[in-house]
Amino acid sequence: PPQMNAHFFYNMDWSSCHNYVAKKYIKADTPKEVYFSDIAMQMTAKMYARKYNTQAPPPPKRVDFLQAFVIEVVRPGGVEYYCVERAIESGTYIKHNTNSGFVQMGDEHRATPHCFSRFSYAASGGKLIVVDIQGVDDIFTDPQIHTRRGDDFGDGNLGISGMALFFSTSRYDALCKALRLQRFALSQAELKRIEAKHAEDDGGGGGSQDTVGKQLPALARQLTGVSSHNNMQTLTACDEAFRKRKSSVAAGRMSTMAAPDTVAVAALPLHLFKDECADGAAAPAAALREPNPTAAVHARLCEYNLSGQLPLQGGAPDIPSAGFHLVCAAAGGDVRALRDVRSLAQGLSADVLLPGVSLAAGGEAALEKLLPSLTARLAAAGDVAAMVEVANAAAADGRAAAAAAWVRLALGQEGGGDAAGLGGTARYQLLERLAELLADSGDTAAAAEQFEAASEAAMEAGKTKLAMKLADRAAQLAPEDD
C-alpha cells in the first residue's frame with residue numbers, strides 16, 4: 001500500500017545505503033525499448049560472467065557485471081526512463097576493448113577482460129561476443145554485444161563485422177591457453193601485426209587509442225558514459241574500401257597497367273579440406289549442412305584484409321591473409337567462400353569474397369585435386385549448380401537413386417521457379433532431369449509425373465515448344481488405363 005511505502009522511505013537509514021548511477025540518453029525521444037535493451041545486454045553479459053567463473057579449469061580471477069535495471073519516473077510533462085546500476089566509487093576505471101576492434105595494450109593491458117570476450121564467443125557457439133569491456137578491476141559495466149543477427153542490442157551491435165574486428169586485434173595468450181579456449185585461426189601476417197603492436201605499446205612507443213577519461217575517478221568515468229558505441233570509422237572504412245574494389249572488378253575498371261592480384265597456394269590452409277570427398281570418392285548422401293558459425297567471421301576477415309583498412313593494417317591490402325580466411329570460411333561451409341575457392345581451382349579469378357584475385361602460377365595442381373571435395377561441399381551448402389553436378393556424377397556412377405535425391409534437394413531450395421534462384425538452372429530443367437533419372441531407374445510412373453510437372457513449369461516460363469515435348473514424354477511413360 002502507498003502508506004507503507006512512504007513509511008519505509010522516510011524511516012530507513014539512508015547513511016548505510018549504497019549510491020547508484022542513473023543514466024539517461026541525451027536524445028529526449030529515445031524509446032523505452034532502448035533502455036530495456038541496454039539492461040538486457042548487461043544482464044546477458046552477467047550471465048556469461050557466471051559461466052566464465054564456473055568453467056573448468058577455473059579462471060584465476062573471477063569477473064562480474066553490475067546488476068542493472070530500468071526505472072520509470074512519472075512527471076507532469078510525461079514519463080522518463082533511466083538505466084540504473086550501483087555506483088563504482090573508487091579504483092581506476094579502464095576500458096579494455098571496444099566494439100570496433102580496439103584492444104587496450106601497454107601498461108594497462110590485462111589478460112582477463114580479453115579472455116572473457118573470447119570465452120563468451122566460444123560459450124555461445126559463435127552466436128555472440130561480449131566486448132566493450134570496461135570497469136574497475138574485474139567488475140565491469142556498459143558492455144556491448146555483437147550477435148550473428150546484428151539487429152538486436154542496439155546500434156553498437158556490429159554483428160559479424162564486430163566479431164571480425166575483435167579477432168583481428170586480439171591476442172590468444174597464456175590465459176586463453178590455460179582455460180583451453182579454442183584458437184581463432186589467423187594468418188602469420190596477422191599474428192605478427194598483433195605481436196608488433198603489443199611490443200610497440202609495451203615499449204612506450206605507441207599510445208592508447210582510448211585515453212578519454214582515463215585520469216578521471218571511477219565514479220566520474222562511470223557518470224560520463226564514455227562509450228565506443230558510435231565508433232564506426234574503422235567499420236565504415238573497411239566496408240567502403242571492399243565495396244569499391246568489388247564494383248571496380250565487376251565493371252572491369254581495375255588498372256590494366258598493374259600486375260594482376262594473385263595469391264600463392266602456400267598461403268592457403270588447404271589441409272582444412274581433408275575429408276571423405278577430398279580424393280574424388282563417391283558423392284555423399286543428399287543432405288544439407290549448416291555452416292560453422294565461425295565461417296561467416298572468416299568470410300568477413302577475407303573482405304576486410306583485402307580492403308586494407310583493418311585497425312593494424314595501415315591501409316595496405318593483405319591478399320595472402322585474405323586468401324587464408326577465404327579457405328577457412330570455405331572449410332566451414334560458407335557457400336560464397338566455396339564458390340571463390342572453386343573458381344581459383346578452375347583457374348579463374350574469384351569474384352565474391354576475393355574479387356579480382358586469382359591463383360599464383362604453380363599452385364594449380366594442389367587446388368585442382370580438391371575440385372570433387374569443393375563441389376561436394378558446395379552441394380551440401382545448398383548451391384544448386386553443385387547439387388546438379390553431384391547428381392550427374394552419381395548418375396554416371398550408376399547410382400540413379402542417389403542422383404535423384406540430389407535433384408529433389410535442389411528443387412527444394414529457395415528461389416521459386418526462376419533460374420537465378422536455382423543457381424542458373426531453371427525449375428523445369430531440374431524437373432526434366434529428375435524425370436530422366438527416375439526413368440533410368442525403371443520407375444516410369446514417377447518419371448511420367450515429373451515430366452508432366454516439367455511441362456507445366458516450362459509453359460509458365462514461356463517455353464511452349466519444350467513444354468509440348470515434355471508433355472509427349474510424360475504421355476509415353478504414363479501407365480495405360482485398363
For the residue pair Ile39 and Cys83, establish whether any side-chain heavy-atom pair is separated by less than 4.5 Å.
-> yes
Say whether, by atom type as modelled, one donor and one acceptor occur between the side chain of Ser120 and the main chain of Val130 under 3.5 angstrom.
-> yes
Is there a donor-acceptor pair under 3.5 Å between the side chain of Gln42 and the backbone N or O of Asp142?
-> yes
Would you please test Arg148 and Leu128 for side-chain contact (heavy atoms from CB on, under 4.5 Å) and show each step?
-> CA-CA 6 Å; Arg148 284 181 57 80; Leu128 61 80; over 6 Å; no
Heavy-atom side-chain contact between Val388 and Arg433 under 4.5 Å | no
Start with the C-alpha distance between Leu175 and His114, add both sets of side-chain angles, then the distance that settles side-chain contact (heavy atoms from CB on, under 4.5 Å), and finish with yes or no.
-> CA-CA 10 Å; Leu175 179 57; His114 310 297; over 6 Å; no
Does atom CE of Met468 have more than 12 heavy-atom neighbours from other groups under 6.0 Å away?
-> no
Taking only residues two or more places apart in sequence or in another chain, which ones pass side-chain hydrogen bond (donor to acceptor under 3.5 Å, both in side chains) with His146?
-> none
Quick check: does any side chain N or O of Arg118 sit under 3.5 Å from a backbone N or O of Ser170, one acting as donor and the other as acceptor?
-> yes
Inter-residue atom distance Ser358.OG - Leu348.CG, 0.5 Å rounding | 9.5 Å
Full working for side-chain contact (heavy atoms from CB on, under 4.5 Å) between Leu359 and Thr262 = CA-CA 5 Å; Leu359 191 65; Thr262 60; over 6 Å; no
Sequence neighbours excluded, which residues qualify as side-chain hydrogen bond (donor to acceptor under 3.5 Å, both in side chains) partners of Asp29?
-> none
Looking only at heavy atoms, what is the nearest atom pair of Val390 and Ala376, with distance?
-> CG2-CA, 4.2 Å
With Glu195, which residues qualify under side-chain hydrogen bond (donor to acceptor under 3.5 Å, both in side chains), at least two apart?
-> Arg171
Mark yes or no for whether Asp340, through its side chain, and Ala350, through its backbone, hold a donor-acceptor pair below 3.5 Å.
-> no
With sequence neighbours left out, which residue pairs that include part of residues 334-361 fulfil the ring-ring contact (aromatic ring centres under 6.0 Å, His included) condition?
-> none
Minimum side-chain heavy-atom gap Val297-Arg300 below 4.5 Å | no
Rounded to the nearest 0.5 Å, what separation is found between the CD1 atom of Ile160 and the OG1 atom of Thr294?
-> 9.0 Å
Pairing of Lys469 and Glu432 as salt bridge, 4.0 angstrom limit = no
Where do Leu431 and Ala457 come nearest, in terms of heavy atoms and distance?
-> CD1-CB, 3.9 Å
For Pro31, does its backbone N or O pair with a side-chain atom of Tyr25 as donor and acceptor, under 3.5 Å?
-> no
Donor-acceptor under 3.5 Å (Asp397 side chain, Arg399 main chain) = no
Flag for Asn157-Arg149: side-chain donor and acceptor within less than 3.5 Å = no
Lys463: partners by side chain to side chain contact (heavy atoms under 4.5 Å, CB included), with sequence neighbours left out = Tyr428, Ala458, Ala461, Leu466
Over all atoms of both residues, closest heavy-atom pair of Ala241 and Gln309 | CB-CG, 3.8 Å
Who pairs with Ala123 by side chain to side chain contact (heavy atoms under 4.5 Å, CB included), at least two apart in sequence or on another chain?
-> Tyr48, Phe119
Pairing residues for Phe153 by the ring-ring contact (aromatic ring centres under 6.0 Å, His included) criterion, not counting sequence neighbours | none
Residues passing the ring-ring contact (aromatic ring centres under 6.0 Å, His included) test with Phe167, sequence neighbours excluded, are Tyr121, Phe184
Any donor-acceptor pair under 3.5 Å from Thr54 side chain to Arg50 backbone | yes
Over all heavy atoms of both residues, which pair between Asn305 and Ser321 is shortest? Give the atoms and the distance, please.
-> OD1-CB, 3.5 Å
NZ of Lys24: more than 12 outside heavy atoms within 6.0 angstrom?
-> yes
State whether the side chain of Thr169 and the backbone N or O of Gly101 hold a donor-acceptor pair below 3.5 Å, judged by distance alone.
-> yes
Exceeds 12 heavy-atom contacts within 6.0 angstrom, atom CD of Glu368 = no
Side-chain donor-acceptor pairs of residues 324-338 under 3.5 Å, sequence neighbours excluded:
| from | atom 1 | to | atom 2 | distance (Å) |
| --- | --- | --- | --- | --- |
| His325 | ND1 | His298 | ND1 | 2.9 |
| His325 | NE2 | Glu190 | OE1 | 2.7 |
| His325 | NE2 | Glu190 | OE2 | 2.9 |
| Asp334 | OD1 | Arg336 | N | 3.1 |
| Asp334 | OD1 | Arg336 | NE | 3.2 |
| Asp334 | OD1 | Ala337 | N | 3.1 |
| Asp334 | OD2 | Arg336 | NH2 | 2.8 |

Any donor and acceptor pair, going by atom type alone, linking the side chain of Thr375 with main-chain N or O of Pro372 inside 3.5 Å?
-> no
Under the side-chain contact (heavy atoms from CB on, under 4.5 Å) rule, what do Asp132 and Lys95 come out as? Steps first, then yes or no, please.
-> CA-CA 7 Å; Asp132 213 5; Lys95 183 188 285 290; 2.9 Å; yes
Please examine the side chains of Tyr52 and Leu179, heavy atoms only from C-beta on, and report whether any two atoms are closer than 4.5 Å.
-> yes
For residues 441-459, which residue pairs qualify under side chain to side chain donor-acceptor pair (under 3.5 Å), counting only residues two or more places apart or in two chains?
-> none
ring-ring contact (aromatic ring centres under 6.0 Å, His included) involving Tyr304 - partner list, sequence neighbours excluded = none
Heavy atoms only: give me the nearest Leu306-Pro355 pair and the separation to one decimal.
-> CD2-CD, 3.6 Å
Got a second to check how far Gln144's CD is from Ser100's OG, nearest 0.5 Å?
-> 10.5 Å
For the residue pair Glu364 and Ala361, what are the closest heavy atoms and their distance?
-> OE2-CA, 3.8 Å
Can we say Asp38 and Lys23 salt-bridge, meaning some charged N sits less than 4.0 Å from an Asp/Glu carboxylate O?
-> no
From Trp406 atom CH2 to Leu411 atom CG, the distance as rounded to the nearest 0.5 Å | 13.5 Å
Do the non-hydrogen side-chain atoms of Leu312 and Ser168 ever get within less than 4.5 Å of each other?
-> no
Non-hydrogen side-chain atoms of His96 and Phe140 separated by less than 4.5 Å = yes
Please tabulate, for side-chain N and O atoms in residues 263-273, each donor-acceptor pair with protein atoms closer than 3.5 Å (sequence neighbours left out).
none

